[in-house]
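The structure appears below as structure tokens.
Quick note on labels: first sequence line is chain A, next is B, and so on, each numbered from 1. Any value given below was found using the heavy atoms of this structure, including those in side chains, with hydrogens, waters and symmetry copies removed.
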Protein chains: 2
Amino acid sequence: MMVSTKGRYALTVMVDLAKNEDGGYVSLSDIAERENLSMKYLESIISILNKGGMLLSLRGKNGGYKLAREPKDYNINEILLLTEGTLAPVNCIMQDGVQCDKAATCSTLPLWAGLDKVIEGYLSDITLEDIITGNRRKMLKGYCESCDN
Amino acid sequence: MMVSTKGRYALTVMVDLAKNEDGGYVSLSDIAERENLSMKYLESIISILNKGGMLLSLRGKNGGYKLAREPKDYNINEILLLTEGTLAPVNCIMQDGVQCDKAATCSTLPLWAGLDKVIEGYLSDITLEDIITGNRRKMLKGYCESCDN
DNA sequence: CAAAATCCTACCACTTGGGTAGGATTAAGT
DNA sequence: ACTTAATCCTACCCAAGTGGTAGGATTTTG
């Protein structure tokens, strides 16, 4: 599995915030209730998003979180990368471009590198706005019969 | 991580067999030595490939394994799918098309479904032969500066 | 000053990953 | 027939990661 619940719930939180933004701060308990997820677990996840600069937060009563930018200015890759640490499909693709010592002669490395690029390319191209507007043509490109491809 | 060592080593074994095929059977100890991998571990992996019909095997002295088909007739998706069980990037994409109970209203599902298709599409398009011939243009499509894209 | 919210540090059960160990069985060559 | 070399099979095991829970400290508003 490449994306764990951590990344998936992080995206769910971001989408929830995008859908329910009215300028004010949204409390985590509201989000947890709407999405039917454990608030305690979400706490640890939203903390990553917050520290990573994805959100603005306000402590105290009537506090909560809101998006730091507009939905169209978040791409999915950065959200998942922040929470998952890496999205590499295999261990031999390092996050910082470091390669294993057999890289020069490894005949399968180009495959993994290509796969990594394909994944990153797909996720980087989709924004939070695409998700909340349900841009199925973009997300299911080439695979959705009911969309005009 | 989507592809563990199990799937990676399985592919390594298949590539090794494809490179070293001369009609005869190749012993696992030869493969393990060439690839510098634990023979005991490879044993459990090659067993999956064998039972899945990817290989032909011969027991006893001078026995070993060889490819059941030609390298061009294996795609990478089927090799990894067999050994990994699933290549789905998230748990909410089930292997047999079964969906989670929130699927109808889930706004992130199209993203995951699209990602799954992109991965499957990439891996299904590449064959064992592409790997042994080093078809970088196909594997690194659009991302390789030294290839003419 | 009470209520409601974020923040912070532990802890923990369960599953998966990445193997190892040991032996049973089978086939070839002498 | 017997040795050797190979596949086959079952069981075990440790470390790391996943998916949380618990409890409290701190901050802000009304």
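The environment of Glu33(A) atom CD is sparse: at most 12 non-hydrogen atoms of other residues, nucleotides or ligands sit within 6.0 angstrom. Environment of NZ in Lys6(B): sparse, with no more than 12 heavy atoms of neighbouring residues, nucleotides or ligands closer than 6.0 Å.
In this structure, Asn91(A) places its CG atom 11 Å from P of dG19(C), rounding to the nearest Å. Across the protein-nucleic acid pair, Ile46(B) atom CD1 and dG19(C) atom C1' stand 17 Å apart, rounded to whole Å. Between Glu33(B) atom CD and dA6(D) atom C1' the separation is 15 Å, expressed in whole Å. The interatomic distance linking Asn50(B) (CG) with dC9(D) (C1') rounds to 13 Å, in whole Å. To the nearest angstrom, C1' of dA6(D) lies 15 Å from CG of Leu55(B). Residue Ile48(B) contributes atom CD1, which lies 16 Å from atom P of dT7(D) at whole-angstrom precision. Taking atom CD1 on Ile45(A) and atom P on dT21(D), their separation rounds to 11 Å, with Å as the unit. The CE-P distance, from Met54(B) to dT7(D), rounds to 19 Å in whole Å.
Interface remark: the Arg59(A) side chain does form a donor-acceptor pair with the dT26(D) base, using a distance-only criterion of under 3.5 Å.
Closest to the side chain of Glu43(A), from the set dT6(C), dG19(C), dC8(D), is dT6(C). Nearest to the side chain of Tyr41(B), among dT27(D), dT7(D), dT20(C), sits dT20(C). The side chain of Ser29(B) lies closest to dA6(D) when the candidates are dA6(D), dC9(D), dA25(D). Between dG19(C), dC8(D), dA5(D), one nucleotide has an atom nearer to the side chain of Ser57(B) than all others, and that is dC8(D). The side chain of Lys40(B) has dA21(C) as its nearest neighbour among dA21(C), dT6(C), dA3(C). Among dG17(C), dA6(D), dA5(D), the nucleotide with an atom closest to any side-chain atom of Lys61(B) is dA5(D). In this structure, of dC8(C), dA4(C), dT6(C), it is dT6(C) that holds the atom nearest to the side chain of Met39(A).
Counting non-hydrogen atoms under 4.0 angstrom, Leu28(B) reaches the backbone sugars and phosphates but no base. Among the heavy atoms of the strands lying under 4.0 Å from Leu58(B) are primed sugar atoms or P, OP1, OP2 only; no base atom is included. Within the 4.0 angstrom heavy-atom criterion, no nucleotide atom of any strand lies near Tyr25(B).
Residue Asn62(B) places at least one side-chain N or O closer than 4.0 Å to OP1 or OP2 of dG29(C). Between Ser38(B) and dT20(C) there is a side-chain polar atom (N or O) within less than 4.0 angstrom of OP1 or OP2.
Side-chain contact check for Leu42(A) versus Glu35(A): every heavy-atom pair is 4.5 Å or farther apart. Contact of the Met139(A) side chain with the Ile126(A) side chain is registered, since non-hydrogen atoms from C-beta on lie closer than 4.5 Å.
Atoms OG1 and CG, on Thr83(A) and Leu11(A) in that order, are 8.5 Å from each other to the nearest 0.5 Å.
Sequence order on DNA chain D of the closest nucleotides to Gly63(B) and Lys51(B) puts Gly63(B) first from the 5' end.
When all heavy atoms are compared, the tightest approach of Leu37(B) to Thr12(B) is CD1-CG2, 4.3 Å.
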